[in-house]
S.K.: 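This is the structure I want to talk about, given as structure tokens.
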Amino acid sequence: MGILDENRHLEDLDKKYIWHPFTQMKEWLEEKTIIISESRDCFIKDIYGRWYLDGVSSLWVNIHGHRKKEIDDAIKNQLDDIAHSTLLGLSNIPAIKLAERLIKLVNSSLDTPRPRSASPAIGSMAGAKRGRRHSSLNKVFYSDNGSTAVEIALKMAFQYWKHKGINERHKFLSLNNAYHGDTIGAVSVGGIDIFHKAFGPLLFKTYKAPSPYCYRCAFDKSYPDCKFVCLNRMEKILKSHSKKIVAVIIEPIVQAAGGMITSPSGYLKGVRELCTKYNVLMIADEVATGFSRTGKLFACEHEDVVPDIMCLSKGITGGYMPLAVTLTTDEIYNAFLGEFKDLKTFFHGHSYTGNPLACAAALACLDLFEKEDTLKNLQPKIEILEKWLKEVLNLKHIGDVRNKGLMAGIELVRDKKTKEPYDWAEKIGWRVAYHARDNGVFIRPLGNVIVIMPPLSISEQNLNQLLKIIKDSIVTVTEG
Ligand SMILES: *Cc1c(COP(=O)(O)O)cnc(C)c1O
């Protein structure tokens, strides 16, 4: 078979055998398939040799670029020892090392009042804030994707109250426009109708607080004159029902899949204060925001917030291997301690929990943050992005631009004055993405919101190129 025939054969096989996620397969079957075969830095290459700028970090996971030597080597080296063992009844070296590293890192970043070790995990990242009250996050529960990290958080929080002898707490408070993953528990605390409605009868009921979506404020107010009506609404729910509520679950600072909705300054801190005031747990889902995506190592840092449970995944291995962690406090962990016969055990685990290859990749990824001063080098790129966002806000069909760090959304609207959205069926976001693709940029929209989320390691030159092509694509599709 010639190379062209072979490529076409691969396309046929894809269409014959693969059911793609979040994809209308009828359309997929009619469209040209892009098959990726290679990558380097912030570029990915298809089987025909065309290179694309990876504008979504291979679905929000890539941090230091593709084919990063240090991470490649870490995985190869680990492979010489062992690829996988289990954490059920055994432990392994990379999982132990990574757990220690993460705990030190999270606590120095969030500046919890933990006795400092002589050598903080990443010295330059340690915050200098003082006077924190909240407990540190001292325990790591491993899993392999963001959804399971959230499931674990929900089950852990629920069972915690039971172990404390409190049995009436079985509800969660979550937000409209929230996205916490696609497993049933995670969908139950989700708030995106288009994804979640179909499964309604399967889901457990939650209390829903309004989304801090200022551009389309549910109360028709504007910040800061609104005095946080959305938080007041959350407080109302807590005031009436806190005795039934296990936890508030939130994506700190950015509701990502909901459309890159950035919360106004002070909102997250307000949520933490409400959780403390009404004595419910706070679960921070940092699956999308963690590992410097928002310009700080963790999004909670922006408002000096320490949650009771924190979920991390996407960026944890730099986009190399599936891995997730659910971090929690001694208080919660200790509640599960007891005699074997007491059945206080946390009965949860996955086959690939604490996979050594993934943990080795994560350790190398953390080393790179230090070695390359990723956070500091990010700042000029955030400035470039923010300057550009301000400019494109003048375009005829851009209603709103939002970002935190290198995580941005551009909301396209049919009518800027009335904020009338494009119909979902018009696929305006996709049309922009296809145009960009034809010009060498891979992006993936969220409905009418264009997402910009390149690897943090992207060069300023490549970032400018990415932004230029996205702008051209928006102009051509919406004004052309
Ligand atoms: C992507 C995401 C998840 C789900 O992670 P998966 O690895 O896709 O299961 C959960 N929470 C947030 C905030 C996410 O962005």
Side-chain angles (χ1 to χ4, degrees), residues 42 53-65 105-106 109-110 122 124-127 129 146 179 212 214-215 250-269 284-305 310-316 318-319 365-366 368-370 372-393 400-411 443-444 446 449-460 462-464 466-467 470:
C42 54
L53 244 174
D54 184 358
V56 289
S57 298
S58 294
L59 242 290
W60 312 359
V61 296
N62 196 288
I63 300 275
H64 302 295
L105 183 60
V106 167
S109 300
L110 300 183
I122 293 186
S124 59
M125 288 182 183
K129 307 150 230 149
Y179 178 81
C214 295
Y215 179 64
I250 184 168
E251 294 160 87
I253 307 288
V254 189
Q255 290 191 299
M260 296 296 156
I261 298 165
T262 50
S263 58
S265 171
Y267 176 82
L268 183 66
K269 197 162 191 63
D285 176 358
E286 290 237 20
V287 169
T289 53
F291 299 101
S292 304
R293 185 48 71 179
T294 67
K296 299 229 185 237
L297 197 50
F298 301 104
C300 283
E301 274 179 68
H302 287 284
E303 302 199 358
D304 268 344
V305 158
M310 186 189 236
C311 306
L312 298 169
S313 184
K314 292 196 168 101
I316 192 168
C365 177
L366 292 181
L368 282 166
F369 274 106
E370 254 180 299
E372 303 199 334
D373 224 341
T374 308
L375 256 178
K376 187 161 156 261
N377 290 326
L378 198 57
Q379 304 311 321
K381 294 179 243 182
I382 297 172
E383 278 164 32
I384 289 173
L385 173 66
E386 289 181 345
K387 182 161 165 274
W388 179 87
L389 286 171
K390 255 192 213 127
E391 279 166 27
V392 295
L393 186 55
D400 192 27
V401 294
R402 309 182 274 268
N403 85 295
K404 197 76 185 177
L406 220 54
M407 188 172 187
I410 300 172
E411 183 163 339
I443 49 173
R444 191 181 159 88
L446 294 159
V449 176
I450 304 301
V451 173
I452 304 179
M453 211 151 155
L456 303 187
S457 62
I458 191 171
S459 69
E460 292 183 17
N462 287 334
L463 178 61
N464 281 317
L466 171 75
L467 298 177
I470 291 177

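Everything numeric in this text was worked out from a predicted model, so none of it was measured.
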S.K.: Which is it for Glu386 and Asn403 under the side chain to side chain donor-acceptor pair (under 3.5 Å) test, yes or no, and what are the steps along the way?
M.R.: CA-CA 8 Å; Glu386 289 181 345; Asn403 85 295; 3.0 Å; yes
S.K.: Checking Ile253 against Lys296 for the side-chain contact (heavy atoms from CB on, under 4.5 Å) test, could you report, in this order, the C-alpha distance in whole Å, the side-chain angles of both residues, the deciding distance, and whether it holds?
M.R.: CA-CA 11 Å; Ile253 307 288; Lys296 299 229 185 237; over 6 Å; no
S.K.: To the closest 0.5 Å, what do you measure between NE2 (His302) and OG1 (Thr294)?
M.R.: 3.0 Å
S.K.: Any idea which heavy atoms bring Ser313 and Gly146 closest together, and the distance?
M.R.: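 Shortest heavy-atom separation between Ser313 and Gly146 comes out as OG-N, 3.5 Å.
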S.K.: Given Ile63 and Ser457, is the side-chain contact (heavy atoms from CB on, under 4.5 Å) satisfied, shown in steps?
M.R.: CA-CA 6 Å; Ile63 300 275; Ser457 62; over 6 Å; no
S.K.: Measuring only between side-chain heavy atoms, which start at C-beta, is Lys269 closer than 4.5 Å to Asp304?
M.R.: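 Yes; the side chains approach each other to less than 4.5 Å.
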S.K.: Got Asn464 and Trp388 here, is their nearest side-chain heavy-atom distance under 4.5 Å?
M.R.: no
S.K.: Would you give the length of the straight line joining atom NZ of Lys314 to atom CG of Asn62, rounded to the nearest 0.5 angstrom?
M.R.: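 Result: 13.5 Å between the selected atoms.
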S.K.: Does a side-chain heavy-atom distance below 4.5 Å link Leu53 with Pro454?
M.R.: no
S.K.: Could you work out, with side chain to side chain donor-acceptor pair (under 3.5 Å) as the rule, every residue matching Ser263, not counting sequence neighbours?
M.R.: none
S.K.: Measuring from Phe369:CZ to Leu297:CG, what's the distance to the nearest 0.5 Å?
M.R.: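 The distance works out to 6.5 Å.
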S.K.: Does the Ser459 side chain pair with the main chain of Asn462, one donor and one acceptor, at a distance under 3.5 Å?
M.R.: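 At least one qualifying donor-acceptor pair exists.
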S.K.: How close do Ala288 and Trp60 get, heavy atom to heavy atom, and via which atoms?
M.R.: CB-CE3, 4.0 Å
S.K.: Heavy atoms, side chains only, cut-off 4.5 Å: are Arg293 and Leu406 in contact?
M.R.: yes
S.K.: Could you measure the distance from the CD1 atom of Ile316 to the SG atom of Cys365? Nearest 0.5 Å is fine.
M.R.: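 So the CD1 of Ile316 and the SG of Cys365 are separated by 8.5 Å.
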S.K.: Given side chains that start at C-beta, do those of Ile443 and Val451 come closer than 4.5 Å, heavy atoms only?
M.R.: no
S.K.: Give a yes or no on whether the backbone of Ile458 and the side-chain of Lys381 come within a donor-acceptor separation of less than 3.5 Å.
M.R.: yes
S.K.: Return the minimal non-hydrogen interatomic distance between Tyr267 and Glu303, and the atom names on each side.
M.R.: N-OE1, 3.5 Å
S.K.: Listed by chain and number, what are the side chain to side chain contact (heavy atoms under 4.5 Å, CB included) partners of Gln379, not counting sequence neighbours?
M.R.: Leu375, Ile382
S.K.: In Å and rounded to the nearest 0.5 Å, what is the OG to CG distance from Ser292 to Leu456?
M.R.: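 Rounded to the nearest 0.5 Å, the OG-CG separation comes to 6.5 Å.
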S.K.: Kindly give the heavy-atom pair with the smallest separation between Phe298 and Gly290, and that separation in Å.
M.R.: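 Looks like CD2-CA, 4.1 Å.
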S.K.: Which pair of heavy atoms, one from Ala299 and one from Glu286, lies closest together, and at what distance?
M.R.: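 It is N-OE1, 2.8 Å.
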S.K.: Test Glu251 against Thr289 for side-chain contact (heavy atoms from CB on, under 4.5 Å), laying out the working first.
M.R.: CA-CA 8 Å; Glu251 294 160 87; Thr289 53; 5.9 Å; no
S.K.: Can you name the closest pair of heavy atoms from Leu366 and Phe291 and give their distance?
M.R.: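 Heavy-atom minimum between the residues: CD2-CE2, 3.9 Å.
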S.K.: Do the side chains of Cys214 and Pro264 get nearer than 4.5 Å, heavy atoms only?
M.R.: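 Yes, close enough: below the 4.5 Å cut-off.
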S.K.: Using side-chain contact (heavy atoms from CB on, under 4.5 Å), reason through Leu385 and Leu467 one step at a time and then give a plain yes or no.
M.R.: CA-CA 8 Å; Leu385 173 66; Leu467 298 177; 3.9 Å; yes
S.K.: Could you grab the distance from atom CG of Leu368 to atom CG of Asp373, nearest 0.5 Å is fine?
M.R.: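 The CG atom of Asp373 is 12.0 Å from CG of Leu368, to the nearest 0.5 Å.
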S.K.: Using the side-chain contact (heavy atoms from CB on, under 4.5 Å) definition, which of the options Met407, Gln255, Lys404 pairs with Met260?
M.R.: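 Checked Met407, Gln255, Lys404 against Met260; only one passes side-chain contact (heavy atoms from CB on, under 4.5 Å): Met407.
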